Amino acid sequence: MSTYPLQDAVAIVGLGTTEYVRDGGHKTKGHLAVEACINAITDAGLTAADVDGLCGSNFQASPQYVQEGLGIPALTWWCSAWGPFTQLLSEAVHAVFAGACSVAVVYQGQVRTVRTSSSVDMTDPVRSVPDPGRSFDHHSDAQYYRPYGGRRGTYAGYMNRYMNEYHVPRESFGLVAVNNRSHATANPHAVLKDPLSMNDYLNSRFVRFPMCLNDIDYAIDGGDAVVVTTLERARDLKRPPVIVHAMAFGEHENPGRDAYRSVASVGQVIAMNTLWGRSALNLNDVDLVYPYDGFTVITLRWLENFGFCDIGDAGNLLRDAWNDDKQIAEIDGRVLMNTHGGSLSDGATQGAGHIREAVTQLRGDAGPRQAATATTALLGIGGLFFNSVAMLMRADR
Amino acid sequence: MPHSLKLSAAAARDLGVDYDSLEYWTGCLQKQLRIARCRDCGYWIHFPRRICPKCWSAEVGVEEVVGGGRLYTFAVDARATPPVMGVVELDEQQGLRVPAVILAGDVHRLTLDCRVELTWISYNDMPVPAFTPVDKGR
């Protein structure tokens, strides 16, 4: 018997997204968030008047902007957090569980700017200005990087150290990129749907050595939203509930991004150790995994910390699990990874896409890309240093 | 306010200087890398702060470091000048890491854990720390 009170208490009952575009669009982050919220609330069979909780990030669109945009008459709870999306979701799940609100909507909305994409149209007055995102420019630490052109290379530096200490070849990262792209070819929502080969990966430009273009998520304009409520209420609503079985957040002792004690010492370790302690399940129960892929090194580290293999071995895990015909990994012959294409190919959403896809699969709604068995999904979202969130979701059956 | 050399208001604003960092930046003006250090327990602290995270003492000052260390890691951004951004672990204490650009003659010869030493580059007419491999001529 778990002593984790939140276990199986809250469910995801509504899902909304927008079209993801690279250019054009001309919609603000707030506009995209509102559009996604409308889709999510509608999907849940609810109306604005049913919503009493809102959580997003002030870096993107304030809860106040979104409340007004949706015409929500009354809120009893709102929260602006930093992201990634799972962190926002975690806030909302806890608020619903605690009774601070009954129906919470979690949203994100973002626009591709020069901050995340060097190829933007610099004559565009919106895209040419580096938006704050959930940027670290507001941190007091930012001053120590300013003379060097701002903070850069933390993840590439981490990847470099990881490759050197554990003798990890570039191909290991390439397997993540190829797997995700192969799945994206079957996802109509994905921005990148052209097949990617290992050769394509190995020949792509180094953006920040040792990190190449295909190691980095793909900046887009887009929004996502989910609706959460108690499982009890969820069972009376329109869609099959997807249950939040357990969640855990993890931050290591030196969350400043260049001060990690070692390659092994990342927030994921804490999140995963905590998650298994809060769960009635184990890794053998998991059908689908969603390791975040803002950078491919994060994905490999999640796979290791999920418990599939030791540190440094995730590339070998994928190699052993590789299905040559499908160009995807089938871990233990059955567990699929990032079935929507991840942030690398579906589009960069700080994990919102991973949540959307896990819920879609667990509902049995994934159409041609539906996994044969989709009862339990394990998600590891967020970066390495201060925003790792792990989560187990399961179907209500 | 430290006396010898004063940070201009414009430079302070541009950098985002605060009370934690004032001594650090003032040291840079004199080409001294001054790192915060607890006077009670001896712990070096970077980025600077004025309460020791190890022993919670408020008796934290700054000390000039020798400037030697090893290159913990680096990344190369071909479009940036200079292209190599690194993290240097200073000799004074295990885990005492300073992010800074690395001036490397041949980037392809740069290796992790190589010995580096402090040098200075100019940012808006102000000296700021950088590091260079000790055996770059090899």
Side-chain angles (χ1 to χ4, degrees), chain A residues 114 117-119 132 135-168 204-213 215-216 252-266 295 297 384-385, chain B residues 7 11-22 24-25 28 35 45-49 53 71-89 94-103 107-108 110-113 120-131:
Chain A
V114 70
S117 188
S118 62
S119 60
S135 132
F136 304 91
D137 298 346
H138 305 281
H139 255 202
S140 59
D141 292 359
Q143 61 187 301
Y144 307 105
Y145 295 87
R146 189 111 50 223
Y148 312 126
R151 212 188 259 272
R152 58 184 165 107
T154 294
Y155 276 88
Y158 179 91
M159 179 177 170
N160 199 356
R161 189 82 204 174
Y162 173 77
M163 292 173 83
N164 270 268
E165 279 189 31
Y166 298 96
H167 310 289
V168 178
S204 73
R205 173 172 75 82
F206 282 117
V207 176
R208 252 165 220 156
F209 174 88
M211 202 175 264
C212 71
L213 202 56
D215 286 312
I216 303 171
H252 73 121
E253 66 194 314
N254 293 114
R257 297 198 300 173
D258 284 310
Y260 47 90
R261 182 161 51 85
S262 71
V263 170
S265 165
V266 292
F295 302 113
V297 67
L384 295 168
F385 308 115
Chain B
L7 208 58
R13 225 178 2 255
D14 168 67
L15 288 163
V17 171
D18 56 33
Y19 293 131
D20 283 340
S21 66
L22 205 51
Y24 173 85
W25 292 115
C28 287
I35 301 289
I45 308 157
H46 194 67
F47 306 123
R49 49 180 76 213
L71 184 59
Y72 180 75
T73 194
F74 67 93
V76 186
D77 188 341
R79 293 180 182 179
T81 315
V84 184
M85 183 70 195
V87 180
V88 171
E89 182 152 316
Q94 192 184 5
L96 181 63
R97 308 247 178 91
V98 177
V101 297
I102 308 298
L103 306 179
V107 168
H108 301 288
L110 208 52
T111 53
L112 267 59
D113 295 319
W120 295 87
I121 59 172
S122 179
Y123 169 73
N124 289 348
D125 297 325
M126 175 179 171
V128 294
F131 289 84

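Just so we're clear, the structure is a prediction, and the values are computed from it rather than from any experiment. For the numbers below, each heavy atom of this structure counts, side chains included, while hydrogens, waters and symmetry mates do not. Letters go in sequence order (proteins before strands), and every chain restarts at 1.
The greatest number of non-hydrogen atom pairs below 4.5 Å with chain A, out of B:Gly95, B:Pro82, B:Pro99, is found for B:Pro99.
Distance check, rounded to the nearest 0.5 Å: OG1 of B:Thr73 to CE of A:Met163 gives 10.5 Å. Here CZ of A:Arg161 is found 9.0 Å from CG of B:Leu71. Values are rounded to the nearest 0.5 Å.
When every heavy atom of A:Tyr148 is checked against every heavy atom of B:Pro129, the shortest pair comes out as OH-O, 2.5 Å. Taking each heavy atom of A:Gly157 and B:Ala75 in turn, the nearest pair found is N-CB, 4.0 Å. The heavy-atom pair separating A:Gln143 from B:Ser21 by the smallest distance is OE1-OG, 2.6 Å.
At a 4.5 Å heavy-atom cutoff, the contact between B:Val17 and chain A is made by backbone and side-chain atoms alike. At a 4.5 Å heavy-atom cutoff, the contact between A:Arg152 and chain B is made by backbone and side-chain atoms alike. Interface remark: B:Tyr72 contributes backbone and side-chain atoms alike to the contact with chain A (heavy atom separation under 4.5 Å). Contact annotation for B:Val87: only side-chain heavy atoms (C-beta onward) come within less than 4.5 Å of a heavy atom of chain A.
Side chains of A:Pro147 and B:Val101 form no contact here, defined as non-hydrogen atoms less than 4.5 Å apart.
B:Trp25 and A:Tyr144 have parallel rings, their planes meeting at less than 30° on a 0 to 90° scale where 60° marks the start of perpendicular.
Other residues, nucleotides and ligands contribute at most 12 non-hydrogen atoms within 6.0 Å of the CZ atom of B:Arg79.
Taking the ring centre of B:Tyr123 as origin, the terminal cationic atom of A:Arg146 falls outside the region bounded by 6.0 Å and 45° from the ring axis.
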